[in-house]
S.K.: 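Just dropping this structure here.
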There are 2 protein chains.
Amino acid sequence: MKLSTKGRYGLRAVLDLAINSKDEVVPLSEIALRQNISISYLEQLISKLRKAGIVTSIRGAQGGYKLAKDPATLSVGEILRVLEGSLEPVNCAEVTGEGESCAGSDTCVTKLVWMRISDSINKAVDSIMLSELIDENNKISGNICNDEDNKVLESPSCNN
Amino acid sequence: MKLSTKGRYGLRAVLDLAINSKDEVVPLSEIALRQNISISYLEQLISKLRKAGIVTSIRGAQGGYKLAKDPATLSVGEILRVLEGSLEPVNCAEVTGEGESCAGSDTCVTKLVWMRISDSINKAVDSIMLSELIDENNKISGNICNDEDNKVLESPSCNN
DNA sequence: ATAATCCCCACCAATCCACTAGGAATTAAA
DNA sequence: TTTAATTCCTAGTGGATTGGTGGGGATTAT
């Protein structure tokens, strides 16, 4: 029941983008540096986000990425589902609403459990808007990071 | 974000045990047959459950397993955590409450997300008692399985 | 032109998952 | 007392997934 680095790194990247792009585009190299993620790997993640319409890109020199949506209407759930593929705890048609039901699903009791887990996860992530994380970041970094040249003081060694 | 077969099979095994053992012990071979899980694999799962005090065993011929707890006080969360190890979506000390915090965790915004997911999962599974699944099973099977010799009609091909 | 940047695809090592295999210890029943 | 049924334990294994790296092409501001 673990989120992969796709979801963890990807959400950090989107948040970084939301905080550090003011109408301008941000090159991936900057995000990679700030978030301590390799550019190559980050490319794969942001590619998914672009195809899903969460970020937009500008190619060429001085190009980069920016958020395609209003952070107030962009939920963490939308971002994580793009990156992780699905947040369902099981591959079960009754739970995911996709694919074929398996034989005997009408007498399957444990699907009740999987459905409740699924609902609770989806409700949790869909109720968190990106704007909330931005606000939280402003609160925290406002208190701490008031160094002169406004640089990143410590690399995020935490992988979560 | 998938539960492994450990959790899925294991919960089915416990439920099977709860339904099919009336003060008597049930040999693993019966559970394996009914639930369509190999005995060898099931052994590993039930071994964890026994060490955690969820089931008790009697060795030797005519031996087997039975539930060690009252289904009304045994939550699905307790069972799943034994089988899966942990239901946390990330390895993060701030979320799991174990291990060392990583550098910069005080400025880590995404942990807010992981904590909410974690809470919602744990609340969901801890609120489902095994007795609820037993009741559900009685409701369903009472309606359907009234064949003469009371055998299992179809093998549970569903892996969830 | 050149350098910066996005974009795409192929590959790879390590890890984890979902088992299988084999055998030792225990015990009821014949 | 043998036999068969059963729990218990450990090791191995093939395949899939994870978490990347690397190379190269396309695009564009300077």
Side-chain angles (χ1 to χ4, degrees), chain A residues 1-13 17 20-21 24-33 35-68 83-86 89-91 158-160, chain B residues 1-13 17 20-21 24-33 35-68 83-86 89-91 158-160:
Chain A
M1 276 296 269
K2 289 279 180 289
L3 282 165
S4 70
T5 55
K6 291 191 182 69
R8 304 204 310 270
Y9 293 0
L11 179 58
R12 270 166 54 197
L17 207 51
N20 296 104
S21 82
E24 300 164 353
V25 292
V26 174
L28 217 49
S29 55
E30 283 185 20
I31 303 177
L33 190 64
Q35 299 300 324
N36 197 31
I37 305 169
S38 89
I39 296 183
S40 294
Y41 194 42
L42 205 45
E43 271 181 348
Q44 296 172 35
L45 306 184
I46 205 119
S47 170
K48 290 189 179 197
L49 294 166
R50 182 179 52 81
K51 285 169 185 164
I54 290 177
V55 304
T56 52
S57 64
I58 294 183
R59 305 186 63 173
Q62 316 308 317
Y65 296 90
K66 66 185 178 70
L67 261 194
L83 293 161
E84 293 280 333
S86 155
V90 290
N91 291 322
C158 177
N159 281 338
N160 296 314
Chain B
M1 278 294 271
K2 290 280 180 288
L3 283 165
S4 70
T5 56
K6 291 192 183 70
R8 306 204 308 274
Y9 293 2
L11 179 58
R12 271 167 53 199
L17 207 50
N20 295 105
S21 81
E24 301 165 352
V25 292
V26 174
L28 218 46
S29 55
E30 282 185 22
I31 302 177
L33 189 66
Q35 298 300 325
N36 198 30
I37 304 169
S38 89
I39 296 184
S40 294
Y41 194 41
L42 204 47
E43 271 180 351
Q44 296 171 34
L45 307 184
I46 205 120
S47 170
K48 290 189 179 196
L49 294 166
R50 181 179 52 82
K51 285 169 185 163
I54 290 176
V55 304
T56 51
S57 64
I58 294 184
R59 305 187 65 174
Q62 316 307 318
Y65 296 90
K66 65 185 180 69
L67 262 194
L83 293 161
E84 293 282 331
S86 155
V90 291
N91 291 322
C158 177
N159 282 338
N160 296 313

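All chains are named by letter (A, B, ...) in the order of the sequence lines, taking the proteins before the strands, and each is independently numbered beginning at 1. What's counted below: heavy atoms across the whole structure, side chains too, no hydrogens, waters or symmetry copies.
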S.K.: With sequence neighbours left out, what residues match Glu30(A) under salt bridge (charged side-chain N to carboxylate O under 4.0 Å, His left out)?
M.R.: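 Salt bridge (charged side-chain N to carboxylate O under 4.0 Å, His left out) check on Glu30(A) returns Arg34(A).
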
S.K.: For Leu45(A) and Gly10(A), work out which heavy atoms get closest and say how close.
M.R.: CD1-N, 3.9 Å

S.K.: Rounded to the nearest angstrom, tell me the gap between atom OH in Tyr65(A) and atom C1' in dT27(D).
M.R.: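 Whole-Å distance recorded here is 12 Å.
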
S.K.: Considering non-hydrogen atoms only, spot the tightest contact between Ala68(B) and Gly53(B) and give its length.
M.R.: CB-O, 3.4 Å

S.K.: Look up atom CZ in Arg12(A) and atom CD1 in Ile37(A), then write down how far apart they are to the nearest 0.5 Å.
M.R.: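 CD1 of Ile37(A) is found 4.5 Å from CZ of Arg12(A).
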
S.K.: Reading DNA chain C in the 5' to 3' direction, which nucleotide is the first one with an atom under 4.0 Å from a heavy atom of chain B, and which is the last?
M.R.: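 For DNA chain C, the relevant span reads dA18(C) to dA28(C).
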
S.K.: For nucleotides 15-19 of chain D, give me every protein contact, N/O to N/O, under 3.5 Å, one pair per line with atom names.
M.R.:
unit_1	atom_1	unit_2	atom_2	d
dG19(D)	OP2	Thr5(A)	N	3.1
dG19(D)	OP2	Thr5(A)	OG1	3.2

S.K.: Separation of Leu17(B) atom CG from dT7(D) atom P, in whole Å?
M.R.: 11 Å

S.K.: Distance check, rounded to the nearest 0.5 Å: Asn91(A) atom CG versus Leu3(B) atom CG?
M.R.: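 Output value for this atom pair is 10.5 Å.
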
S.K.: Between CE of Met1(B) and CE of Met1(A), what distance do you get to the nearest 0.5 Å?
M.R.: 4.5 Å

S.K.: Quick check: closest heavy atoms across Ile39(A) and Leu28(A), and the distance to 0.1 Å?
M.R.: O-CD2, 4.3 Å

S.K.: Between Leu45(B) (CG) and dC8(D) (P), how many Å, whole number?
M.R.: 14 Å

S.K.: Listed by chain and number, what are the side-chain hydrogen bond (donor to acceptor under 3.5 Å, both in side chains) partners of Thr5(A), not counting sequence neighbours?
M.R.: Tyr41(A)

S.K.: Does Leu28(B) reach a base, just sugar-phosphate, or nothing at all? Heavy atoms under 4.0 Å.
M.R.: sugar-phosphate

S.K.: Taking only side-chain nitrogens and oxygens of Arg50(B), does any of them come within less than 4.0 Å of OP1 or OP2 of dT7(D)?
M.R.: no

S.K.: For Ser4(A), which residues count as a side-chain hydrogen bond (donor to acceptor under 3.5 Å, both in side chains) partner, sequence neighbours excluded?
M.R.: Glu84(A)

S.K.: Between Val25(A) and Gly63(A), which heavy-atom pair has the shortest distance, and what is it?
M.R.: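 Of all heavy-atom pairs spanning Val25(A) and Gly63(A), the closest is CG2-C, 3.6 Å.
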
S.K.: In whole angstrom, give the distance that lies between atom CG of Leu42(A) and atom P of dT21(D).
M.R.: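 From Leu42(A) CG to dT21(D) P: 11 Å.
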
S.K.: Within the sub-3.5 Å range, which N or O atoms of nucleotides 28-30 of chain D have a protein N or O partner, and how far apart are they?
M.R.:
unit_1	atom_1	unit_2	atom_2	d
dT28(D)	O2	Ala61(A)	N	3.3
dA29(D)	O4'	Ala61(A)	O	3.4

S.K.: Enter the distance from Leu49(B):CG to Lys51(B):NZ here, rounded to the nearest 0.5 Å.
M.R.: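 Interatomic distance, Leu49(B) CG to Lys51(B) NZ, rounded to 0.5 Å: 11.0 Å.
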
S.K.: Can you work out whether Gln44(A) or Ser40(B) has the more 5'-proximal nearest nucleotide on DNA chain D?
M.R.: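 Residue closer to the 5' terminus by nearest nucleotide: Ser40(B).
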
S.K.: To the nearest Å, how far apart are Ile46(B) CD1 and dT6(D) C1'?
M.R.: 13 Å

